[in-house]
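Since the structure comes first, as structure tokens, the remarks are kept for the end.
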Amino acid sequence: MIAKTLRKTPQYFRQFAGETRGSINIEAIIFLPFLMICIVTTIMFYDAYRTDSLGDKATFTIGDMLSRETDYVTPGYVDSAKSLLNVLTESETGHNTLRVTVVSYDANNDSYEVEWSQERGSHAVPMVTADLATAASTLPVMVNGEQLIVVDTYLDYVWPLNLGFDNFTMEARAFTRPRFAPQLVWLDS
């Protein structure tokens with residue numbers, strides 16, 4: 001009995017596929033779960049790309065803000081820049097990190113040196129000169145004695161729904177040269 005039914009299964013599917021009578025409700029019931037999964041997944045990926053875009057824009061905004069600074073940069077200034085990152089990325093304080101680093105170049109030794117580095121958050125530590133050995137190939141071309149502002153941001157992304165995707169951290173980096181002053185000076189007060 002079972003073998004006979006299994007042999008006729010393809011025939012039943014052909015008859016079902018060729019059937020033109022019936023109601024659209026049956027087709028909608030069959031197709032609706034697939035359609036809903038596609039819509040929800042699309043919205044989730046859109047949100048992830050939107051968050052990544054906000055992180056990139058916030059990184060460039062903070063880099064531009066620092067490049068226009070002619071006064072000393074203080075711990076309060078970096079704290080305020082971190083608060084700005086929270087606002088621009090629409091994220092909570094514990095879910096992102098800001099690191100600001102000022103790098104100088106010595107053409108005589110063909111070497112980079114970290115002048116100062118500050119971080120706010122838990123994803124990164126302040127950069128040191130030894131870190132630049134691996135990052136030198138990613139730095140832009142600089143002239144002797146020039147300074148470069150490197151802004152790194154890290155944003156935790158938590159999926160709105162649990163569909164089996166792992167949460168992850170988005171990273172962005174912006175390089176900016178000081179615009180109105182030859183250097184960006186740290187004042188620890």
Side-chain angles (χ1 to χ4, degrees), residues 45-160 166-189:
F45 276 104
Y46 168 80
D47 185 59
Y49 281 112
R50 183 183 77 72
T51 303
D52 188 43
S53 176
L54 287 175
D56 289 345
K57 291 173 186 175
T59 304
F60 286 109
T61 299
I62 293 170
D64 187 53
M65 177 182 77
L66 287 163
S67 74
R68 297 170 189 272
E69 190 59 53
T70 56
D71 212 358
Y72 293 109
V73 176
T74 63
Y77 189 99
V78 177
D79 292 340
S80 296
K82 172 70 163 63
S83 297
L84 179 63
L85 176 67
N86 295 340
V87 170
L88 293 176
T89 59
E90 302 171 356
S91 64
E92 298 173 17
T93 302
H95 294 282
N96 60 34
T97 299
L98 170 69
R99 178 171 63 191
V100 177
T101 307
V102 174
V103 176
S104 63
Y105 178 68
D106 181 11
N108 298 330
N109 298 328
D110 190 31
S111 63
Y112 297 93
E113 182 179 340
V114 172
E115 296 296 324
W116 61 269
S117 182
Q118 291 290 309
E119 55 81 24
R120 299 295 185 269
S122 60
H123 292 90
V125 295
M127 192 179 285
V128 294
T129 302
D131 297 334
L132 294 176
T134 57
S137 62
T138 64
L139 296 174
V141 176
M142 298 170 65
V143 297
N144 190 33
E146 183 181 19
Q147 282 193 349
L148 181 69
I149 304 164
V150 181
V151 178
D152 295 306
T153 58
Y154 304 86
L155 301 173
D156 283 340
Y157 186 76
V158 178
W159 293 98
D166 292 334
N167 299 332
F168 59 97
T169 301
M170 298 175 181
E171 301 177 16
R173 175 176 277 180
F175 303 107
T176 315
R177 290 183 170 91
R179 295 179 189 225
F180 303 127
Q183 60 184 353
L184 189 63
V185 180
W186 174 254
L187 178 65
D188 196 6
S189 56

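For the atom pair Thr70 OG1 and Phe180 CZ, the distance stands at 9.0 Å (nearest 0.5 Å). Atom CG of Leu54 sits about 9.0 Å away from atom CG of Asp47, to the nearest 0.5 Å. Here OG1 of Thr97 is found 7.0 Å from CD of Glu119. Values are rounded to the nearest 0.5 Å. Atom OG1 of residue Thr89 and atom CG of residue Asp56 lie 11.5 Å apart, to the nearest 0.5 angstrom. Once rounded to the nearest 0.5 Å, the distance linking OG of Ser83 with CG of Leu98 reads 10.0 Å. In this structure, the separation between CE on Met127 and CG on Leu132 is 6.0 Å, given to the nearest 0.5 Å.
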Name the atoms and distances for all side-chain donor-acceptor pairs under 3.5 Å in residues 134-144, with sequence neighbours left out.
from: Thr134; atom 1: OG1; to: Asp131; atom 2: O; distance (Å): 3.1
from: Thr138; atom 1: OG1; to: Ala135; atom 2: O; distance (Å): 2.7
from: Asn144; atom 1: OD1; to: Ala107; atom 2: N; distance (Å): 2.8

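Partner Arg173 forms a side chain to side chain contact (heavy atoms under 4.5 Å, CB included) with one of Thr59, Asp152, Thr153 and no other, that one being Asp152.
In this structure, the salt bridge (Lys or Arg N to Asp or Glu O under 4.0 Å) partners of Glu90, at least two apart in sequence or on a different chain, are Arg50. With sequence neighbours excluded, no residue forms a side chain to side chain donor-acceptor pair (under 3.5 Å) with Tyr112.
The nearest pair of heavy atoms linking Met65 to Leu84 is SD-CD2, 4.0 Å. Across every non-hydrogen atom of Gly55 and Ala172, the tightest pair is O-CB, 4.2 Å. Residues Trp186 and Pro75 approach most closely at CH2-N, 3.5 Å, considering heavy atoms. Across all their heavy atoms, Tyr157 and Ala48 have their closest contact at OH-N, 3.4 Å. Closest approach of Leu148 to Phe175, counting heavy atoms only: CD2-CD2, 3.8 Å.
Residues Asp156 and His123 bring a donor and an acceptor atom of their side chains to less than 3.5 Å of each other.
At least one donor-acceptor pair under 3.5 Å links the side chain of Thr129 to the backbone N or O of Val114. Without hydrogens or angle criteria, Trp116 side chain to Leu184 main chain gives a donor-acceptor distance under 3.5 Å. In this structure a side-chain-to-backbone donor-acceptor pair under 3.5 Å is missing from Ser104 to Gln147. Proximity of a side-chain donor or acceptor of Arg177 to a complementary backbone N or O of Ser67 within less than 3.5 Å is not detected.
Using cut-offs of 30° and 60° for the angle between ring planes, the Tyr49 and Phe45 rings count as tilted.
Put simply, the side chain of Asn96 reaches to within 4.5 Å of the side chain of Lys82, judged on heavy atoms. At least one side-chain heavy atom of Arg120 sits under 4.5 Å from a side-chain heavy atom of Val78. Looking only at side-chain heavy atoms (C-beta outward), Pro178 and Ile149 come within less than 4.5 Å of each other. Counting heavy atoms from C-beta outward, Val73 and Gln118 have side chains that stay 4.5 Å or more apart. Residues Leu66 and Tyr77 have side chains in contact (heavy-atom distance under 4.5 Å, counting atoms from C-beta outward). By the 4.5 Å heavy-atom criterion applied to side chains, Val151 and Thr176 are not counted as neighbours.
In the displayed structure, Tyr72 atom OH is contacted under 6.0 Å by at most 12 heavy atoms of other residues, nucleotides or ligands.
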Problem set entry | Stepwise side-chain contact (heavy atoms from CB on, under 4.5 Å) test for Arg179 and Asp64 | CA-CA 9 Å; Arg179 295 179 189 225; Asp64 187 53; 2.8 Å; yes
